[in-house]
Amino acid sequence: MKYKILILLLTAAIYYCHAGTPGIVLNQCGFYPYGPKIAVIINSPASDSFYIVSADKKDTVFKGELRPPVQSSYSPAVTRIADFSSFTQTGKYIVYVKGLPSSAIFSVNDNVFEALTAAALKGFYYQRSAMPLEEKYAGQWKRPAGHPDTRVLIHPSAATVTRPAGTVISCPGGWYDAGDYNKYIVNSGITMGTLLSAYEDFPDYFAGLQTNIPESNNQLPDLLDEILYNLRWMLTMQDPDDGGVYHKCTNAAFDGQVMPGVTKLPRYVVQKSTAATLDFVAVMAQSARIFRQFPSVLPGLSDSCLDAAVYAWKWATLHPGIAYDQSAINASFSPPVTTGAYGDHFFTDERFWAAAELFTTTGKDEYLPAINAYPIHQLQLASWSNVGMLGCYTLMRQYRSAEPTSQNIPYDLIRDQLFSFAGGLVTNGGNRAFQTMMGQSSKDYIWGSNAVALNQSIALINAYMMSDTTTYLKAALSNLDYVLGRNATGYCFVTGASSKSPLHIHHRPSRADGIAAPVPGLLAGGPNPGMQDKVPYPFADPETAFIDDGKAYACNEIAINWNAPLVYVSAAFEALQRKAALSRE
Ligand code: G3I
Ligand code: 9MR
């Protein structure tokens with residue numbers, strides 16, 4: 001055993017020198033007083049002890065023993081866990097291990113994720129197209145409007161008798177998708193569904209969350225104001241003549257690395273697709289349900305959303321299998337479109353989600369067949385191309401609140417599948433070397449891997465809300481810890497959130513604005529050994545394939561569908577911490 005540990009430590013020491021990996025990594029925002037608290041010592045020196053020291057380095061407040069070394073499965077890193085969960089005193093601290101640079105400063109406090117939640121939601125404001133960001137809201141990141149989208153052309157792939165190619169339509173507003181300036185319905189789908197669910201799950205919390213946006217003083221929570229900015233754009237993406245929804249509103253090719261408003265290239269809506277249309281149905285049906293709670297503030301909006309959803313559902317029923325295949329489209333039409341594809345060929349998950357939202361909003365049995373047609377045993381983690389889990393969350397939420405329900409929905413089966421998914425994460429234990437649920441398999445480290453971690457957290461939080469079992473909540477927290485720094489790169493992946501957050505995200509405004517600090521509150525994609533951007537990364541293993549480089553769009557871009565689960569998870573902890581006894585009662 002001793003021999004094995006020695007070998008591990010030797011490998012570790014070599015790796016430490018070669019890789020220059022961080023010594024002590026942890027959630028750099030911090031911890032709840034009565035919540036779990038773990039730091040990971042990567043490639044530690046001989047010392048077996050660790051210390052919690054006040055941030056001014058004057059007082060040592062806790063001493064603990066490191067757990068035995070563990071070889072990571074996803075890089076050469078050898079780690080030892082420092083668990084200081086029993087330390088409950090609020091304040092600002094560092095972790096110290098003899099022979100290593102001390103950790104980043106972190107807090108132990110109630111409401112430790114409040115600033116993070118507000119920043120992550122504010123991130124969406126910074127993504128708004130077609131309006132100037134004023135200094136009083138945007139601070140140093142103020143900027144002019146870009147991409148008004150009031151004269152958008154029907155691309156030949158989307159031509160119909162009533163709207164031939166070249167017809168001018170208006171599709172203003174909405175969020176830019178990511179580091180690029182295009183607007184994609186499929187990715188808006190999961191993003192909006194996640195944010196709308198955040199509101200439905202934690203309405204009281206969001207009623208009090210302020211983000212200093214232009215609408216902050218109206219009668220709606222800021223979260224709903226922000227959602228409305230994209231919702232109104234989505235409504236313009238429906239063809240009024242048949243109910244179908246254009247896949248995206250886009251340039252033909254990506255803009256250069258310039259500020260919004262600099263390029264004035266033509267914008268197009270392209271072919272309608274079944275995935276975009278069904279995602280639109282789900283978002284509109286869920287919005288109809290939420291906005292009908294605000295009839296005097298938003299008269300008629302709820303009805304418009306439901307009408308749009310039903311009309312789009314009809315189109316999707318008539319066109320059940322139209323994929324958006326960009327290469328095929330480019331072979332037949334001009335100009336070629338080379339921006340993000342969000343191509344998806346399987347629609348049972350979108351149909352299930354859409355039907356689940358329509359049923360929950362209307363109580364109508366006509367949506368039950370599509371709910372029951374979903375192969376629930378194949379349930380997978382939510383992603384832009386797989387939205388079945390969003391339908392499950394909604395049906396379970398509805399079941400808990402008991403209106404409206406149907407004898408013909410297999411609630412037990414759905415509940416069991418969610419428990420089995422969440423239970424699988426907990427029992428398999430994810431990445432043992434970092435004690436996170438993230439890292440169950442190397443397949444977790446894909447383009448946008450940080451959203452894999454956070455979507456796992458959402459599944460676990462739902463399992464907690466269905467059972468009151470704190471184990472699920474603690475498991476969910478391990479992945480927020482991961483995204484905030486307890487990972488093999490040592491980065492806290494949210495811009496502006498800590499002293500080791502990315503500075504050079506692939507985000508056109510952040511690259512072009514001449515301001516050193518990137519736009520804050522944005523989540524970088526995270527480790528991705530696919531390295532499709534061809535940038536030379538310093539490490540290529542699944543959990544270390546990351547570089548803070550503006551050209552590295554495969555690991556260091558930001559995207560709305562990654563920020564949305566950050567908002568959800570961070571808000572969930574702020575909303576649930578007292579109930580779950582992570583904080584002082
Ligand atoms: O589905 C396969 C899976 O079977 C396989 O195991 C895995 C191995 O890498 O690949 C999976 O496909 C990946 C797919 O995403 C689904 O996750 C592709 O390799 C990967 O290239 C693809 O990446 C997408 C990327 O666009 C390129 O199309 C990302 O998910 C998606 O988030 C990203 O989105 C872009 C938009 O196109 C444009 N705007 C920016 C945005 C964020 O980067
Ligand atoms: O900036 C684009 C980013 O938003 C996309 O996610 C990425 C993949 O589609 O593509 C980026 O654009 C690059 C293009 O694909 C190739 N030439 C360089 C562009 C970025 O500088």
Side-chain angles (χ1 to χ4, degrees), residues 74 123 127 129 147 174-191 194 247-260 262-263 265 270 273 275-276 279 323-327 330 336-346 349 378 380-387 440-456 493 502 504-512 519 522-535 540-542 545-547 549-566:
Y74 309 115
Q127 289 296 100
S129 69
H147 306 87
W175 304 307
Y176 294 129
D177 183 57
D180 63 328
Y181 291 148
N182 305 298
K183 305 185 293 191
Y184 309 82
I185 287 289
V186 165
N187 208 38
S188 268
I190 182 167
T191 303
T194 303
H247 194 74
K248 57 178 168 174
C249 173
T250 182
N251 287 11
F254 286 115
D255 274 331
Q257 307 297 313
V258 295
M259 290 300 282
V262 172
T263 55
L265 296 166
V270 299
S273 71
D279 283 341
Y324 180 78
D325 182 340
Q326 198 151 274
S327 319
N330 287 342
V337 176
T338 55
T339 54
Y342 290 116
D344 183 4
H345 297 259
F346 301 100
D349 53 308
Q378 289 173 16
Q380 282 177 31
L381 186 68
S383 69
W384 61 260
S385 62
N386 201 322
V387 289
Q440 261 215 319
S441 110
S442 61
K443 291 196 182 117
D444 283 359
Y445 302 96
I446 54 167
W447 193 319
S449 59
N450 283 333
V452 172
L454 292 171
N455 280 316
Q456 289 176 349
F493 288 110
H504 310 290
I505 47 175
H506 183 75
H507 180 241
R508 284 165 173 73
S510 297
R511 298 186 77 192
V519 170
L522 300 175
L523 177 69
N528 171 18
M531 300 182 285
Q532 292 90 335
D533 46 45
K534 308 274 192 293
V535 171
D541 292 303
F546 177 79
I547 184 169
D549 183 319
K551 294 186 287 307
Y553 53 76
C555 72
N556 206 27
E557 188 165 359
I558 62 92
I560 55 173
N561 63 315
W562 307 336
N563 249 63
L566 177 63

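Atoms within a ligand are numbered from 1 in the order they appear, just like the ligands themselves. This chain uses plain numbering: 1 for the first residue, then up along the sequence.
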May I have a table of the N/O to N/O pairs between ligand 2 and the protein that fall below 3.5 Å, each row giving the two atom names and the distance to 0.1 Å?
| from | atom 1 | to | atom 2 | distance (Å) |
| --- | --- | --- | --- | --- |
| ligand 2 | 1 (O) | His506 | NE2 | 2.6 |
| ligand 2 | 1 (O) | Arg508 | NH1 | 2.9 |
| ligand 2 | 1 (O) | Arg508 | NH2 | 2.8 |
| ligand 2 | 4 (O) | Glu557 | OE1 | 3.2 |
| ligand 2 | 4 (O) | Glu557 | OE2 | 2.6 |
| ligand 2 | 6 (O) | Glu557 | OE1 | 2.7 |
| ligand 2 | 21 (O) | Gln257 | NE2 | 3.3 |

Side chain to side chain contact (heavy atoms under 4.5 Å, CB included) evaluation trace for Ile558 with Gln127
CA-CA 10 Å; Ile558 62 92; Gln127 289 296 100; 3.8 Å; yes

Item to complete: Please report the C-alpha distance between Tyr74 and Asp541 in whole Å, then the side-chain angles of each, then the deciding distance to 0.1 Å, and finally whether the side chain to side chain contact (heavy atoms under 4.5 Å, CB included) criterion is met.
Response: CA-CA 6 Å; Tyr74 309 115; Asp541 292 303; 5.8 Å; no

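With Asp279 contributing its side chain and Asn187 its backbone, the two residues share no donor-acceptor pair below 3.5 Å. In this structure a side-chain-to-backbone donor-acceptor pair under 3.5 Å is present from Asp349 to Val387. In this structure a side-chain-to-backbone donor-acceptor pair under 3.5 Å is missing from Asn330 to Thr338.
Applying the salt bridge (Lys or Arg N to Asp or Glu O under 4.0 Å) rule to pairs touching residues 177-189 yields Asp149-Lys183, sequence neighbours excluded.
Contact residues for ligand 1 (protein heavy atom closer than 4.0 angstrom to any ligand atom): Asp177, Ala178, Asp180, Tyr184, Gly340, Tyr342, Trp384, Trp447, Gln532, Glu557, Trp562.
Ring planes of His247 and Tyr324: parallel class, angle under 30° (limits at 30 and 60°). Between His147 and Tyr176, the angle of the ring planes goes over 60°, which puts this pair in the perpendicular group of the 30/60° scheme.
For Asp549, the salt bridge (Lys or Arg N to Asp or Glu O under 4.0 Å) partners two or more places apart in sequence, or in a different chain, are Lys551.
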